[in-house]
2 protein chains.
Amino acid sequence: MEIPEVVILRLPMYVRALKQINKTDFKLVSSQELGKLLSITPAQIRKDLSYFGRFGKQGRGYNVNYLLDELKQVLKLDKQWNACIIGIGTLGRAIIRYPGFGPAGFDIVAAFDSNINLVGQPIRKGLIIQPITELCSTIKTNNVSIGIVAVPAENAQAVIDSLASCGVKAILNYAPISPFTHNGIVIRNIDPTLALQSMTYYLD
Amino acid sequence: MEIPEVVILRLPMYVRALKQINKTDFKLVSSQELGKLLSITPAQIRKDLSYFGRFGKQGRGYNVNYLLDELKQVLKLDKQWNACIIGIGTLGRAIIRYPGFGPAGFDIVAAFDSNINLVGQPIRKGLIIQPITELCSTIKTNNVSIGIVAVPAENAQAVIDSLASCGVKAILNYAPISPFTHNGIVIRNIDPTLALQSMTYYLD
DNA sequence: TAGATTGTTAATCGATTAACAATC
DNA sequence: TAGATTGTTAATCGATTAACAATC
């Protein structure tokens, strides 16, 4: 069965909310309550979950811990994922320092830049800037599944193409472009400027 | 006429693509070409644009410069916008250093933190960390329209509520929560971890 | 048992796309 | 004029929601 992408995009929000509830001593949660927490209708939550199994009990709701574990498994969050980053400028360094990836199970294990002068520079323990020529070999030997793109807009598409040809199947793109995507490759774009520009419409 | 939010979310992508074309010497662009550039169907582009006016010429396409100007006006991008940021930790500092906002016409003109020890610390020219108690007054005297939230998850909702009560109408939230939104306030959430977690589903 | 809430189907709603007359 | 492409309507597609039997 082909599961709609919108559904997949909501699952991590469920995981996040369940983790939060898990810190309290509530053991059960209803679609009603979860929906209120996330501003999503209970019907939608039940429908979304029903794509993956029957996790609830009528009359009671969902066991928080159990549902959390199941969703983590669905999203394959029960393991560690290795990522590499390309482009070690201001933005790249900020991404490397971003405190949210590690706790979520994502490790940046390699860093690349096309500027030869940066090569060899240490970023933090165990992370040294490598030349971009080593991209494919490092990806393969270090079991890297995710590429993070932090190069200027002009070079972003080429880097994405390289990642794809090296066998990377998931790309987090910070460059302000609408990338052409390759078959079988998922891309998510992070563009705070675009987000701001879509809000000013509502301002006066 | 109520314009669908999905349409508003696409307009900045059109602006971005048009700016790019504008650097070349193409003076005209068809919905076909623009669509190829953005991986969007030509029909959708024409439909989206038709909400705001008739910008094209049959048989020729759209004048790049003209369409760009019109869209900038629609999105109110033809002026400078002032933003403030709350939470000057690792993440907050990275956001302040983010090189994409300035060129797009967004200025971070004030910085706040609840930690008294940080207050008074200079961040960059003209930007000194202020106590959060000064939030409302600074927003009003400095004509701040946008709030950028970079505090820990636990405090994010409270900060968003404060911003709302100070009259801020647009919020860019970097905290990993699903905020409750107030009436008449737009929020966009930036959460790279969520983006990664929705990609691992497709990996093996 | 009575009350509550799931899982699922069918109805609704909204967004995307195809098609084409208008016209540059 | 012939060719191309818009703007717009109607058809299609897909996602959300309402409703309710099943059942804890």
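Just so it is clear: chains get the letters A, B, ... in the order the sequence lines come, proteins before strands, and each one is counted from 1.
- When rounded to the nearest whole Å, the span between CD of A:Gln32 and C1' of C:dG7 equals 16 Å.
- For the pair B:Asp48 CG and C:dT17 P, the interatomic distance rounds to 10 Å; values are reported in whole Å.
- In this structure, A:Lys57 and A:Ile40 both approach DNA chain D, and ranking their closest nucleotides by distance from the 5' end singles out A:Ile40.
- Ranking C:dA15, D:dT9, D:dT5 by closeness to the B:Val6 side chain, first place goes to C:dA15.
- Within the structure, every side-chain polar atom (N or O) of A:Tyr62 is placed at least 4.0 Å from both OP1 and OP2 of C:dA4.
- Of the nucleotides present, C:dT17 is the one that pairs with D:dA10 by Watson-Crick or G-U wobble criteria, both distances under 3.5 Å.
- A 4.5 Å side-chain heavy-atom check between B:Leu163 and B:Leu135 finds at least one atom pair inside the cut-off.
- Look at CD1 on A:Ile45: it is 16 Å from C1' on D:dA18, rounded to the nearest Å.
- Listed nucleotides C:dT16, D:dC24, C:dT9 differ in distance to B:Lys47; the shortest reach to its side chain belongs to C:dT16.
- For D:dA22, neither phosphate oxygen OP1 nor OP2 lies less than 4.0 angstrom from any side-chain nitrogen or oxygen of A:Gln58.
- For the pair A:Ile3 CD1 and D:dG14 C1', the computed distance is 15 Å after rounding to whole Å.
- Scanning both residues, A:Met13 and B:Leu194, for their nearest heavy atoms gives CG-CD2, 3.9 Å.
- Spacing between atom CG of B:Leu49 and atom P of D:dG7 amounts to 7 Å, rounded to whole angstrom units.
- If you check the side chains of A:Asn143 and A:Asn82, you find no donor sitting under 3.5 Å from an acceptor.
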Side-chain donor/acceptor pairs under 3.5 Å, residues 148-159 of chain A, sequence neighbours excluded:
unit_1: A:Gln157; atom_1: OE1; unit_2: A:Phe180; atom_2: N; d: 2.9
unit_1: A:Gln157; atom_1: NE2; unit_2: A:Asp161; atom_2: OD1; d: 3.0
unit_1: A:Gln157; atom_1: NE2; unit_2: A:Phe180; atom_2: O; d: 3.2

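- What you find for A:Ile85 and A:Gly92 is that their closest heavy atoms are CD1-O, 3.6 Å.
- Salt-bridge annotation for B:Arg16 and A:Asp191: present, with a side-chain N of the basic residue lying under 4.0 Å from a carboxylate O of the acidic one.
- Residue B:Phe52 contributes atom CZ, which lies 14 Å from atom P of D:dT8 at whole-angstrom precision.
- Distance B:Tyr66 OH to D:dT6 P: 15 Å, rounded to the nearest Å.
- The separation between B:Leu28 atom CG and D:dT6 atom P is 10 Å, rounded to whole Å.
- OP1 or OP2 of C:dT17 sits under 4.0 Å from a side-chain N or O of B:Thr41.
- OP1 or OP2 of C:dA15 has not a single side-chain nitrogen or oxygen of B:Tyr51 nearer than 4.0 Å.
- Dashed line: the shortest gap from a side-chain N or O of A:Arg46 to OP1 or OP2 of C:dG7 is not under 4.0 Å.
- When each of A:Gln44 and A:Gly59 is assigned the nucleotide of DNA chain D bearing its nearest heavy atom, the one mapping closer to the 5' terminus is A:Gln44.
- Distance from the side chain of A:Arg54 is smallest to C:dG7 among C:dT9, D:dT8, C:dG7.
- A:Pro42 comes within 4.0 angstrom of no nucleic acid atom, judged by non-hydrogen atoms across all strands.
- Within the shown strands, C:dA4 is the pairing partner of D:dT23 under the Watson-Crick or G-U definition, both distances less than 3.5 Å.
- At the phosphate of D:dT6, OP1 or OP2 sits under 4.0 Å from a side-chain N or O atom of B:Ser31.
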